[in-house]
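Here the structure is laid out as structure tokens; the discussion comes afterwards.
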There are 2 protein chains.
Amino acid sequence: MTLGRRRGPTETRPLILKAAAQLFAEKGFDGASVRAIARNASVDPALVHHFFGTKEALFVAAMEFPFEPAQIVPRIVEGPREEIGERIVRTFLTVWGNDEARPRFLAIVRTATTSEQGAAMLREFITAALLNRVGDALEIPRLRITLAAAQMMGVVMMRYVLELEPVVSASDEELVEMLAPVIQGYLAP
Amino acid sequence: MTLGRRRGPTETRPLILKAAAQLFAEKGFDGASVRAIARNASVDPALVHHFFGTKEALFVAAMEFPFEPAQIVPRIVEGPREEIGERIVRTFLTVWGNDEARPRFLAIVRTATTSEQGAAMLREFITAALLNRVGDALEIPRLRITLAAAQMMGVVMMRYVLELEPVVSASDEELVEMLAPVIQGYLAP
């Protein structure tokens with residue numbers, strides 16, 4: 001590939017974002033250096049700083065979610081209360097089943113386990129985007145909401161990080177059948 | 001500190017293991033270099049290779065568990081079936097509540113999220129040490145056992161990795177009260 005000089009910003013920016021998403025997914029936030037991202041994007045590291053400023057800002061841009069929690073969560077909590085467990089599990093499996101989204105989510109999980117900053121980032125996102133919204137809608141102890149989230153986070157770990165069978169090859173229907181009553185039990189006991 | 005030359009092997013080996021446990025906990029398996037471990041232990045990197053061979057062998061030695069799954073798991077599954085959920089949650093909280101064990105477990109989780117090798121290591125350990133033993137004792141679908149493990153893995157993520165409230169400051173009793181019925185439901189429905 002040629003170096004970045006002859007390319008315009010509309011061409012360079014997405015190249016950097018793509019390389020960043022890939023390297024963050026592989027190495028986590030701390031492990032992926034701006035230098036390595038620039039190298040994979042075939043641009044000068046100075047260009048990365050020029051477009052995004054900090055590595056953190058690059059991370060946020062690269063991880064841009066393919067869905068809007070602000071839109072999805074209210075729809076989930078406002079439906080029939082007796083099916084909230086099933087709605088949550090189905091939405092969760094759909095979002096994680098998206099082949100473009102999954103590497104980004106996994107990058108965020110990796111970052112959260114390997115750096116304080118990454119843990120704070122994910123903690124703040126989960127709190128603001130998910131737990132607060134669910135908490136505002138359902139009048140139940142926050143511990144219940146968080147343990148329901150823990151169940152789904154554990155499924156992520158088993159299915160997508162450890163790739164542990166039979167969770168990997170279980171169908172969405174099998175998982176809904178087992179998980180929906182558990183989430184339902186936490187959120188609408 | 002002095003360099004390792006004047007120290008004997010009985011002194012040097014534990015220094016290396018201590019530095020390794022610390023750095024693996026901070027950086028994960030890939031992020032912690034033998035060079036950095038040697039530096040933190042104030043020994044020559046060649047000595048680390050001399051004592052442990054590979055970085056993987058050093059990891060296994062440094063992560064040495066403070067408990068024997070081979071002893072604990074049979075005791076859990078052989079007790080009264082109607083309290084298996086509670087026994088599992090209590091044992092789990094006790095093991096993770098151990099201040100010496102926790103950084104080691106966290107290192108393993110970090111390693112699992114950041115390297116294929118680490119994921120395989122944890123997957124193989126969980127399968128051999130926990131899931132197979134529980135599966136041999138209880139005649140229930142493996143998916144149930146793995147989703148119970150996922151619930152507890154999610155608690156680890158929320159409580160010790162993301163440090164998300166109120167899971168962090170919840171008492172063991174509160175957690176047992178909420179989690180035991182869920183684990184019970186998976187394992188002894």
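Residue numbering restarts at 1 for every chain, and letters A, B, ... go by the order of the sequence lines. It should be emphasised that the depicted structure is a prediction, and the values quoted were computed from it without experimental measurement.
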I'd like to verify something: which residue of [options] has the highest number of heavy-atom pairs under 4.5 Å with chain B?
options	value
A:E163, A:R159, A:M178, A:E116	A:M178
A:R144, A:M152, A:Q151	A:Q151
A:R123, A:E174, A:M157	A:R123

Tell me, for [X] versus chain A, whether the close heavy atoms (under 4.5 Å) come from the side chain, the backbone, both or neither.
X	answer
B:M158	side chain
B:A112	both
B:Y160	neither
B:E165	backbone
B:V167	both
B:I126	side chain
B:A120	neither
B:L131	side chain

If you compare all heavy atoms of B:V155 against all heavy atoms of A:A150, which two are closest, and at what distance to 0.1 Å?
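Distance-wise, the nearest heavy atoms are N-CB, 3.8 Å.
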Please give me the minimum heavy-atom distance between A:L162 and B:A119, naming the atom from each residue.
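Closest heavy-atom pair between A:L162 and B:A119: CD2-O, 4.0 Å.
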Is there a side-chain contact between B:L122 and A:L164 (heavy atoms, below 4.5 Å)?
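B:L122 vs A:L164: side chains apart.
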The test is side-chain contact (heavy atoms from CB on, under 4.5 Å); show your working for B:L175 and A:L143 and say whether it passes.
CA-CA 9 Å; B:L175 291 172; A:L143 186 58; 4.2 Å; yes
